[in-house]
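This report refers to the structure that appears directly beneath it.
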Amino acid sequence: MPETKTQQSGNSGSDGSENDAPKGLEGVVVATTELGDVRGEEGFYHYRQYSAVEVAATRTLEDAWYLLFHGELPTKTQHAEWIEEIAPLRDLPDAMVELLPAIARAGDHFIPLDALRTALSATTYSLDYRPSLDLEPDELRAEAMRTCALVPTLVTSLYRLSEGHEPVTPHPELPYAANYLYMLTGEEPDPKLARAVEKYLISTIDHGFNSSTFTARVITSTGADLGAAVVGAIGALSGPLHGGAPSRALDMLDAIGEPRNAEPWIRNAVEHGQRIMGFGHRVYKTDDPRSLLLRDVAAELGGEQYEFARKIEDTVVEVLEEMKPGRKLRTNVEFYSGVVMNSCGIPRTMFTPTFASSRTIGWCAHILEQAADNRLIRPSARYIGPPPPQPVPDAE
Ligand SMILES: CC(C)(COP(=O)(O)OP(=O)(O)OC[C@H]1O[C@@H](n2cnc3c(N)ncnc32)[C@H](O)[C@@H]1OP(=O)(O)O)[C@@H](O)C(=O)NCCC(=O)NCCS
């Protein structure tokens, strides 16, 4: 492996260990989990024992949420009871009804994910979340349920407030995805659009030990409260290399403008060391199955943007194959998710927050799993600076 991809070797780590992990922890197994996994070479990922793509294609978001929390898909009766349990948890706590307008309008520019992490931190503080170390499993589960149910309300309310509109109270009769669109727009959505968004939301609930999930587990391993872990995970997700790409992928389509511009535009970007947003993945070295699912969803919705994206995809893959041979760069989840969300009327600034809403379910399932069998996550680093101890110079 090239030197740039590994930690420097030489001195031992601070705990005397000689075990060097590759840079970026690529391929390092850091935990066991029963929640799911990603098989990069096969282009397959699963939620517990089921193909995640099949779950997205055939079941509701609430079913997938139940599967991650309970280990099995619900029966019809269990599904109905689950919906009943979730519905009242979506309402904003009174303290947040007062605080949200100030958070939504605090900055010069509304940055939804920043607003969400601020609001969620205040929410879990106001709800008196306690260190996970001090809670019984059912108490931590109750906090997890409340958080998963509340995040969509928080993020859609923040968006509406930033646009000068009043938040929309959750619709008691609508399931998660339709209610999400309802709270965003104030109108009951077309069932076809709600189902397209639901497939996207299910497909993004969990995805192995990605950066934000790992962050949530690291914070939980300290015994901190669930709110701290989810807020930290949102921070990790906000980075463009993780969850911040779908709006950038659409920005790229806009910048390219026409199919004939695609090849020179992409060549120029890669020559200047830029990443083509929506392409490449740490684990997948073949088609990202989420991308294939969302490409089908986008195709069902149809439209010019889908046709254009399809052409650009082919050109990007060809150019990257030539300019970055052997890296196996294909579309990731972000490329078509932007197209799907745009077709369903979700504003571009809300793409990553929509991702954060469903991923909160995955984070919380991991937090519960981490807390149930916890050990502090505390690795080491290899010091590569000037050899210590050097004499401390006198102040001049
Ligand atoms: C997702 C991503 C961060 C994975 O990164 P990674 O596993 O660390 O891959 P590396 O950074 O080691 O890249 C390996 C090689 O492929 C190239 N590469 C990876 N993704 C690329 C992209 N989207 N466009 C152009 N080149 C890319 C790198 O430049 C590197 O080339 P090199 O060997 O000449 O240095 C990366 O593919 C990326 O930045 N994609 C664009 C952002 C994106 O879509 N994010 C959403 C992820 S779901």
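Heavy atoms only: backbone and side chains are in, while hydrogens, waters and symmetry mates are out. Indexing begins at 1, ligand by ligand and atom by atom, following the structure's order. Position 1 is the first residue of the sequence; numbering continues from there.
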Problem - Contacting atoms of ligand 1, where contact means under 4.0 angstrom from a heavy atom of Leu320 - result: 25 (C)

Practice task
Please determine, by modelled atom types, if Tyr200 and Thr354 share a side-chain donor-acceptor pair under 3.5 angstrom.
Solution key: no

Practice task
Taking atom CD of Glu187 as the centre, report whether more than 12 heavy atoms of other residues, nucleotides or ligands fall under 6.0 Å from it.
Solution key: no

Practice task
Please determine, by modelled atom types, if Ser132 and Thr220 share a side-chain donor-acceptor pair under 3.5 angstrom.
Solution key: no

Problem - Phe308 with Tyr336, same ILVMFWY side-chain cluster at under 4.5 Å - result: yes

Handout entry: Test of proximity, Arg290 against ligand 1: N or O pairs below 3.5 Å
Key = no

Exercise for the section: May I ask whether Arg248 has any heavy atom positioned less than 4.0 angstrom from an atom of ligand 1? Expected result: no

Handout entry: Backbone or side-chain N or O of Arg327 under 3.5 Å from ligand 1 N or O
Key = yes

Completion exercise
Atoms of ligand 1 under 4.0 Å from any heavy atom of His242, numbered from 1 in the order shown, are 46 (C), 47 (C), 48 (S)

Practice task
Assess Gly278 for proximity to ligand 1: is some non-hydrogen atom of it under 4.0 Å away?
Solution key: yes

Completion exercise
Note: ligand 1 atoms sitting under 4.0 Å from heavy atoms of His281 are 37 (O)

Problem - Pairing of Glu322 and Arg267 as salt bridge, 4.0 angstrom limit - result: yes

Exercise for the section: Check ligand 1 against Arg282 and write out every atom of the ligand that is under 4.0 Å from a heavy-atom position of the residue. Expected result: 4 (C), 6 (P), 7 (O), 8 (O)

Exercise for the section: Return the option from Ile276, Asp288, Leu329, Val283 holding the heavy atom at the smallest distance from atom 19 (C) of ligand 1. Expected result: Leu329

Practice task
Please confirm whether Lys324 comes within less than 3.5 Å of ligand 1 when only nitrogen or oxygen atoms on both sides are compared.
Solution key: yes

Completion exercise
What one should report as the nearest heavy-atom pair of Ser203 and Tyr45 is O-OH, 2.7 Å

Exercise for the section: Look at ligand 1 and say whether Val270 reaches it with a heavy atom at a distance under 4.0 Å. Expected result: no

Exercise for the section: Check each of Thr215, Asp206, Thr213 against His366 using the side chain to side chain donor-acceptor pair (under 3.5 Å) test, and report the only one that passes. Expected result: Asp206

Completion exercise
Quick note on ligand 1: atoms under 4.0 Å from a heavy atom of Pro240 include exactly 45 (N)

Exercise for the section: Report yes or no: do Glu369 and Thr33 form a side-chain donor-acceptor pair below 3.5 Å? Expected result: yes

Handout entry: Closest to atom 3 (C) of ligand 1 (judged by heavy-atom distance), picking from Thr331, Thr204, Leu241
Key = Leu241

